[in-house]
A.B. asks: 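Starting off with a structure, shown below.
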Amino acid sequence: MTAILEARNLRAAYGERPVLFGIDLRLPERGIVAVLGANGAGKTTTLRALLAEIRTWGEVTFQGESVNGRSTQELVRMGMMMVPEGRGTFTDFTVEENLLLGAYSRKDKDGIGRDMDRMYEYFPVLGQRRKQRAGSMSGGEQQMLAIARALMARPKVLLLDEPSLGLAPLIVQEIFTILTTINREEGVSMLLVEQDAVRALKVASYAYLLETGRVALEGTAEQLAASDDVRRAYLGY
Ligand code: ATP
């Protein structure tokens, strides 16, 4: 399948300190790919590097076109959108206002209204709380809002940074089910950074395991789920 997003020999540094040491990864069009690894392995940095939020070297292509040298803003305009770890909703704004802010670069008023309704269908709890301040909602609801807000920009690729972080298992399951539905129905490709390897490998078709800024292992979700190394280190059995 054609790749919508691809990195070759991607390196990145914070100041003088190198953190990624040549990552090759590929996100197929309409695919879900997981990036796994322990704390500090470089998962978040990989997403930030793909979005040009930090100093990077190497080759990144988006929809087959080199995007080296493009700014984060340009990449967002082209269709890449990050849902950052820790959610990143505007806590003083209501659900509705957060969704409108997600669509700030769009001019198609009717389309925005339709997309808001669609978000309320995917996430009924947001529909019930349109006028509620984001900061007063539960962690799971805020995560849903962060995802919905990112989708309001109509991205082609969603970069998800640990959507399960700090949430109860049932909520995580609900969020992952909705993500799978959105992937299938809207065709949004997803690069999913997760520490929860069990869940990530259930929704992803392919996965990369990072260790200290390098790809230590990659393969189909089935291959990684069956790997003794992955099982021992990340799946706990
Ligand atoms: P976690 O699951 O804990 O978020 P991660 O796999 O996402 O881990 P990164 O956040 O990408 O890991 O961090 C990779 C390395 O880069 C770590 O050694 C971290 O200390 C370092 N690092 C991350 N952010 C910065 C920063 N803003 N400045 C300097 N070093 C950083």
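Indexing begins at 1, ligand by ligand and atom by atom, following the structure's order. Just so you know, these numbers use all the heavy atoms, side chains as well, and skip hydrogens, waters and symmetry mates.
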A.B. asks: Got the closest protein heavy atom to atom 30 (N) of ligand 1, with its distance?
C.D. replies: Tyr14 CD1, 3.4 Å

A.B. asks: Just which atoms of ligand 1 are under 4.0 Å from any heavy atom in Val19?
C.D. replies: 14 (C), 15 (C), 16 (O)

A.B. asks: Quick one: look up the protein heavy atom nearest atom 11 (O) of ligand 1 and list residue, atom name and how far away it is.
C.D. replies: Thr45 OG1, 2.5 Å

A.B. asks: Which option, Leu165, Ile54, Val35, Thr44, owns the non-hydrogen atom nearest atom 7 (O) of ligand 1?
C.D. replies: Thr44

A.B. asks: Do Asp115 and Arg106 sit within salt-bridge range, that is, some charged N less than 4.0 Å from a carboxylate O?
C.D. replies: yes

A.B. asks: Applying a strict 4.0 Å limit to heavy atoms, is Gly42 in contact with ligand 1?
C.D. replies: yes

A.B. asks: Can you list the ligand 1 atoms lying under 4.0 Å from a non-hydrogen atom of Ala41?
C.D. replies: 5 (P), 6 (O), 12 (O)

A.B. asks: Just jot down the ligand 1 atoms closer than 4.0 angstrom to any heavy atom of Arg17, in number order.
C.D. replies: 18 (O), 20 (O), 21 (C), 30 (N)

A.B. asks: Could you tell me whether Glu97 and Arg133 have a side-chain N and a carboxylate O separated by less than 4.0 Å?
C.D. replies: no

A.B. asks: As an exercise, identify every atom of ligand 1 less than 4.0 angstrom from a heavy atom of Glu85.
C.D. replies: 4 (O)

A.B. asks: I need the nearest protein heavy-atom contact for atom 1 (P) of ligand 1: residue, atom name and distance, please.
C.D. replies: Asn39 OD1, 3.6 Å

A.B. asks: Given side chains that start at C-beta, do those of Leu100 and Met116 come closer than 4.5 Å, heavy atoms only?
C.D. replies: yes

A.B. asks: Decide whether Leu145 and Ile178 are clustered together by the hydrophobic rule: side chain heavy atoms of Ile, Leu, Val, Met, Phe, Trp, Tyr closer than 4.5 Å, transitively.
C.D. replies: yes

A.B. asks: Ignoring angles and geometry beyond distance, decide whether Thr46 reaches within less than 3.5 Å of ligand 1 through its nitrogen or oxygen atoms.
C.D. replies: no

A.B. asks: With heavy-atom distances below 4.0 Å as the criterion, list the atoms of ligand 1 near Gln195.
C.D. replies: 2 (O)

A.B. asks: Among all protein heavy atoms, pick out the one at the shortest distance from atom 17 (C) of ligand 1; state its residue, atom name and that distance to 0.1 Å.
C.D. replies: Gly40 O, 3.9 Å

A.B. asks: At a 4.0 Å threshold, what atoms of ligand 1 neighbour a non-hydrogen atom of Glu162?
C.D. replies: 2 (O)

A.B. asks: Report the C-alpha separation of Val172 and Arg199 in whole Å, then their side-chain angles, then the decisive distance to 0.1 Å, and conclude whether the side-chain contact (heavy atoms from CB on, under 4.5 Å) test is met.
C.D. replies: CA-CA 9 Å; Val172 175; Arg199 268 187 212 284; 3.0 Å; yes

A.B. asks: Which atom pairs, one a donor and one an acceptor, fall under 3.5 Å between side chains of residues 32-43 and the rest of the protein, sequence neighbours left out?
C.D. replies:
| unit_1 | atom_1 | unit_2 | atom_2 | d |
| --- | --- | --- | --- | --- |
| Asn39 | OD1 | Gln195 | NE2 | 2.9 |
| Lys43 | NZ | Gly37 | O | 3.0 |
| Lys43 | NZ | Ala38 | O | 2.9 |

A.B. asks: Only one of Val83, Ile182, Leu27, Thr180 clears side chain to side chain contact (heavy atoms under 4.5 Å, CB included) with Met190; which?
C.D. replies: Ile182

A.B. asks: Could you check whether Arg130 makes a cation-pi contact with Tyr120, meaning its NZ or CZ is under 6.0 Å from the centre of the six-membered ring and within 45° of the ring axis?
C.D. replies: yes

A.B. asks: Would you mind listing which atoms of ligand 1 come within a distance below 4.0 Å of any non-hydrogen atom of Ala38?
C.D. replies: 6 (O)

A.B. asks: Would you kindly say whether Tyr14 and Thr45 are connected by a side-chain donor-acceptor distance under 3.5 Å?
C.D. replies: yes

